[in-house]
**Q** 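Okay, handing you the structure first.
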Amino acid sequence: MTIDQFLEDFPAGRLGREMFAIAEGLYPICRSITGEGLRETLRTVGRRIDLTIHEVPTGSQVFDWTVPKEWNIRDAWIGRPDGTRVVDFRTSNLHVVNYSIPVRKVLSLSELRPHLHSIPDRPDWIPYRTSYYAQDWGFCLTHRQLEALREGRYEVCIDSSLEDGHLTYGECFLPGSTKDEILVSCHACHPSLCNDNLSGVSLVTMIGEVLSGLERRHGYRLLFVPGTIGPITWLARNEQGATRIRHGLVAACVGDAGPLHYKRSRRGDAEIDRAAALMLRGKEGSSIEPFSPYGYDERQYCSPGFNLAVGSLTRTPHGRYPEYHTSADNLDLIRAESLADSLRAYLEVFAILERNATFRNTNPKCEPQLGRRGLYSATGGLRDAKAAEMAMLWVLNLSDELHSLLDIAERSGLGFDSVSAAAKVLSEHGLLERVDRDSDRSE
Ligand code: ZN
């Protein structure tokens with residue numbers, strides 16, 4: 001079965017529930033850019049798809065960066081002298097600044113205060129903070145908790161370790177009938193945060209599950225990486241392999257109720273950019289923005305030394321919803337229906353890329369006589385027949401070896417499915433010949 005055929009009877013309800021359950025299962029884990037939480041997350045994903053887990057040693061040079069020490073944490077708290085915990089890592093892993101160095105000391109409130117982070121405007125939310133590349137420690141707490149702290153002595157403990165170890169990332173490759181590849185990348189380094197992080201992990205996992213059972217012209221390379229250092233590490237280890245990537249998408253923030261949003265690749269008009277725009281055509285509330293060198297891991301894939309055709313398909317983009325990077329980005333913010341709708345959008349883009357091709361009209365001098373070939377009596381109602389006829393006329397007219405089916409769909413305003421179906425029936429009648437060539441067959 002091809003991807004477009006799968007979409008005809010798309011089981012949105014079932015897949016949405018499964019994706020939500022994946023996020024729910026991963027939610028309690030304290031992840032970071034290295035360490036056991038990330039490993040456990042990848043092992044969980046690896047129980048659903050064929051994932052290779054790579055371990056890259058601390059100190060490895062990856063372009064201008066160095067793989068950092070591995071961070072692990074067991075417990076952390078701020079306690080009163082009587083032993084009661086006023087801030088407790090066990091109730092939320094966001095309470096500790098991610099990558100905090102180990103600490104155990106007694107401090108006055110004024111000494112402790114510079115290490116505490118809250119959001120005054122959102123007094124019930126815990127912020128998410130990190131300190132990956134500066135050795136530091138701190139706690140994040142609700143503003144109400146912060147204001148309730150009285151003068152006095154506090155015991156602080158962060159039972160963490162920052163030692164030589166590994167950076168871990170996961171890679172799943174589903175080969176296609178050609179050597180061309182589609183990259184789908186998500187960051188998997190945030191602790192208990194749902195839309196920014198777990199929604200992407202769950203979506204890419206489900207993409208792997210679904211695509212593993214479907215016909216593929218492209219190979220699909222799915223990456224689960226810690227943000228920034230992850231794609232840098234992958235690119236440093238796969239400089240040659242990266243040249244096979246024809247199209248790519250960075251997945252994040254795909255579970256909230258907002259409409260779909262696409263951020264173009266640095267190239268701006270790559271096939272992926274045009275396929276994504278075509279997929280979004282007519283989708284209510286959807287929006288498209290140009291590339292900028294800020295955001296998620298498209299920053300690395302689109303750096304000038306690679307300039308890969310990688311965009312980012314999300315719902316509400318990072319930083320544009322109030323719950324972003326706070327404890328309110330939780331399981332209540334993401335919805336099974338949104339996850340399923342995002343999955344459908346990704347598969348629709350892939351279905352366009354899989355079928356896009358360029359043809360030559362074998363009968364270019366005036367229109368071929370379609371009636372004589374029975375091409376007017378397409379099945380379906382009168383309206384379908386009319387639409388199919390329009391699609392055939394467009395495909396015949398623009399198939400001059402210069403226009404792809406994507407070009408034809410853009411220019412005609414017709415859906416890609418209609419254009420592709422017309423090309424199929426015209427090819428079967430010998431009126432079209434494919435002229436573009438896939439890269440070398442993989443077999
Ligand atoms: Zn984030």
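On a predicted model such as this, the values are computed, not experimentally measured, just so you know.
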**Q** Nearest 0.5 Å please: distance from the CH2 atom of W77 over to the CG atom of D88.
**A** 9.0 Å

**Q** Judged by atom type as modelled, is there a donor-acceptor pair below 3.5 Å linking the side chain of R266 to the main-chain atoms of P293?
**A**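 Checked: no pair found.
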
**Q** Checking T178 against R217: is there a side-chain donor and acceptor pair closer than 3.5 Å?
**A** no

**Q** Less than 4.0 Å between a side-chain N and a carboxylate O, is that true for E36 and R39?
**A**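 Answer for the salt bridge query: yes.
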
**Q** Between the side chains of Y99 and T34, does any donor sit under 3.5 Å from an acceptor?
**A**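 The answer is yes; a qualifying pair exists.
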
**Q** Step through the shown structure and confirm whether more than 12 heavy atoms of other residues, nucleotides or ligands are within 6.0 Å of CD on Q240.
**A**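 Counting neighbours around CD of Q240, 12 or fewer heavy atoms of other residues, nucleotides or ligands fall under 6.0 Å, so no.
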
**Q** Less than 4.0 angstrom from a charged side-chain N to a carboxylate O is my criterion; do R355 and D4 meet it?
**A** yes

**Q** Quick check on the 6.0 Å ring-centre criterion: do F139 and H115 meet it?
**A** no

**Q** Quick check: W234 with F224 (ring centres under 6.0 Å apart)?
**A** no

**Q** Would you please say whether a donor-acceptor pair under 3.5 Å links the side chains of Q5 and T2?
**A**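 Note: Q5 and T2 side chains meet the donor-acceptor criterion.
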
**Q** Testing D329, T316, D196 for side chain to side chain donor-acceptor pair (under 3.5 Å) with Y321, which one passes?
**A** D329

**Q** Under a 3.5 Å distance rule, please check whether T358 uses its side chain to pair with a backbone N or O of E401 as donor and acceptor.
**A** no

**Q** May I ask you to check whether over 12 heavy atoms, not counting those of K283, lie within 6.0 Å of atom NZ?
**A** yes

**Q** Go through the steps for E171 and R221 under the test salt bridge (charged side-chain N to carboxylate O under 4.0 Å, His left out), then give the verdict.
**A** CA-CA 7 Å; E171 183 169 21; R221 192 168 293 280; 2.8 Å; yes

**Q** Run the side chain to side chain contact (heavy atoms under 4.5 Å, CB included) test on L141 and L116 for me, step by step, so that the C-alpha distance in whole Å, both residues' side-chain angles and the decisive distance to 0.1 Å come before the verdict.
**A** CA-CA 7 Å; L141 58 171; L116 303 180; 3.9 Å; yes

**Q** Answer yes if the side chains of Y301 and S185 hold a donor-acceptor pair under 3.5 Å, and no otherwise.
**A** yes

**Q** Using a 3.5 Å distance criterion without hydrogens, assess whether the side chain of K263 forms a donor-acceptor pair with backbone atoms of S292.
**A**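 Yes; judged by distance alone, with no hydrogens or angles, the pair exists.
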
**Q** Does D124 have more than 12 heavy atoms from other residues, nucleotides or ligands lying within 6.0 Å of its CG?
**A** yes

**Q** For a side chain to side chain contact (heavy atoms under 4.5 Å, CB included) with T44, tell me which candidate from V201, L26, T205 qualifies.
**A**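 Looking at V201, L26, T205, the match for T44 under the side chain to side chain contact (heavy atoms under 4.5 Å, CB included) is L26.
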
**Q** Can you check salt bridge (charged side-chain N to carboxylate O under 4.0 Å, His left out) on R315 and D341, steps first, answer last?
**A** CA-CA 10 Å; R315 305 193 79 85; D341 186 64; 3.0 Å; yes

**Q** Flag the pair D82 and R80 as a salt bridge only when some basic side-chain nitrogen lies within less than 4.0 angstrom of an acidic carboxylate oxygen.
**A** no

**Q** In terms of side-chain heavy atoms, does E70 have a donor or acceptor partner in N72 at a distance below 3.5 Å?
**A**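 E70 vs N72: donor-acceptor pair found between side chains.
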
**Q** When you look at E354 and R216, which way does the salt bridge (charged side-chain N to carboxylate O under 4.0 Å, His left out) test go after all the steps?
**A** CA-CA 7 Å; E354 290 281 310; R216 302 176 299 269; over 6 Å; no

**Q** Looking at every non-hydrogen atom in both residues, tell me the closest pair between I352 and A275 and how far apart they are.
**A** CD1-O, 3.7 Å

**Q** Let me see the working for D273 and Y262 under side chain to side chain donor-acceptor pair (under 3.5 Å), right down to the final yes or no.
**A** CA-CA 8 Å; D273 300 317; Y262 180 68; 2.6 Å; yes

**Q** If we check ring pair (Phe, Tyr, Trp, His ring centres under 6.0 Å) with F350, which of these qualifies: Y220, F416, F6?
**A** Y220

**Q** Do the charged groups of R244 and E181 touch, with an N to O distance under 4.0 Å?
**A**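 Counted as a salt bridge, because a side-chain N and a carboxylate O are separated by less than 4.0 Å.
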
**Q** May I have the step-by-step check of side chain to side chain donor-acceptor pair (under 3.5 Å) for H261 and S287, ending in yes or no?
**A** CA-CA 5 Å; H261 178 85; S287 51; 2.8 Å; yes

**Q** Between I126 and T326, does the side chain to side chain contact (heavy atoms under 4.5 Å, CB included) criterion hold? Intermediate values first, please.
**A** CA-CA 5 Å; I126 307 165; T326 77; over 6 Å; no

**Q** For A270 and S265, which heavy atoms make the closest approach, and how far apart are they?
**A** CB-OG, 4.0 Å

**Q** Please find out if less than 6.0 Å separates the ring center of H95 from that of F89.
**A**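 Aromatic pair excluded; centres sit 6.0 Å or further apart.
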
**Q** In plain terms, say whether R104 and E155 are close enough for a salt bridge, that is, a side-chain N and a carboxylate O under 4.0 Å apart.
**A**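 E155 and R104: salt-bridged.
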
**Q** Working note: R411 + L398, criterion side chain to side chain contact (heavy atoms under 4.5 Å, CB included); need CA distance, chi angles, decisive distance, verdict.
**A** CA-CA 10 Å; R411 185 155 163 188; L398 289 178; 3.8 Å; yes

**Q** Output yes when E289 and R320 qualify as a salt bridge under the 4.0 Å nitrogen-oxygen rule, no when they do not.
**A**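 Answer for the salt bridge query: yes.
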
**Q** Taking R85 first and then D75, would you say they form a salt bridge - that is, a charged N and a carboxylate O separated by under 4.0 Å?
**A**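 Yes, charged N to carboxylate O under 4.0 Å.
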
**Q** Any salt bridge linking R274 with D269? Criterion: basic side-chain nitrogen under 4.0 Å from a carboxylate oxygen.
**A** no

**Q** Do H54 and T168 touch side chain to side chain, with heavy atoms closer than 4.5 Å?
**A**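 They are not in side-chain contact.
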
**Q** Could you go step by step and tell me if R74 and D159 meet the salt bridge (charged side-chain N to carboxylate O under 4.0 Å, His left out) rule?
**A** CA-CA 6 Å; R74 288 155 293 277; D159 181 12; 3.3 Å; yes

**Q** With a 4.5 Å cut-off on side-chain heavy atoms, are I245 and I182 touching?
**A**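 Not touching, per the 4.5 Å side-chain cut-off.
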
**Q** May I ask you to check whether H318 and H325 place their ring centres under 6.0 Å from each other?
**A** no

**Q** Is there a donor-acceptor pair under 3.5 Å between the side chain of E18 and the backbone N or O of F20?
**A**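 Flag not set: sc E18 to bb F20 has no pair under 3.5 Å.
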
**Q** Any chance the side chains of N195 and E323 put a donor and an acceptor closer than 3.5 Å?
**A** no

**Q** Just by distance, with hydrogens left out, do S110 and S108 show a side-chain donor and acceptor under 3.5 Å apart?
**A**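 Present: a donor and an acceptor within the cut-off.
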
**Q** Please give me the minimum heavy-atom distance between P127 and S118, naming the atom from each residue.
**A**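 For P127 versus S118, the nearest heavy atoms are CG-CA, 3.9 Å.
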
**Q** Counting distance only, does the side-chain N/O of S199 pair as donor-acceptor with the main-chain N or O of V254 below 3.5 Å?
**A**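 Such a contact is found between S199 side chain and V254 backbone.
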
**Q** Are R299 and D297 close enough for a salt bridge, meaning some N to O gap below 4.0 Å?
**A** no

**Q** Going through the checks in order, is the side chain to side chain donor-acceptor pair (under 3.5 Å) test met by D407 and S404?
**A** CA-CA 5 Å; D407 293 318; S404 68; 3.2 Å; yes

**Q** For residues L280 and I288, report the shortest heavy-atom separation together with the two atoms involved.
**A** CD1-CG1, 3.9 Å

**Q** Below 6.0 angstrom between ring centroids: does that apply to H247 and H218?
**A** yes

**Q** Is it true that the NZ or CZ of R264 lies under 6.0 Å from the centre of F291's six-membered ring and within 45 degrees of the ring axis?
**A** no

**Q** Can you establish whether the number of heavy atoms outside Q135 located under 6.0 Å from its atom CD is more than 12?
**A** no

**Q** What heavy-atom pair brings P231 and Q300 nearest, and what distance separates the two atoms?
**A** CG-CG, 3.8 Å

**Q** For the residue pair C189 and P226, what are the closest heavy atoms and their distance?
**A** CB-CA, 3.8 Å

**Q** Show your reasoning for whether side chain to side chain contact (heavy atoms under 4.5 Å, CB included) applies to R48 and I22.
**A** CA-CA 10 Å; R48 303 190 71 116; I22 295 172; 3.6 Å; yes

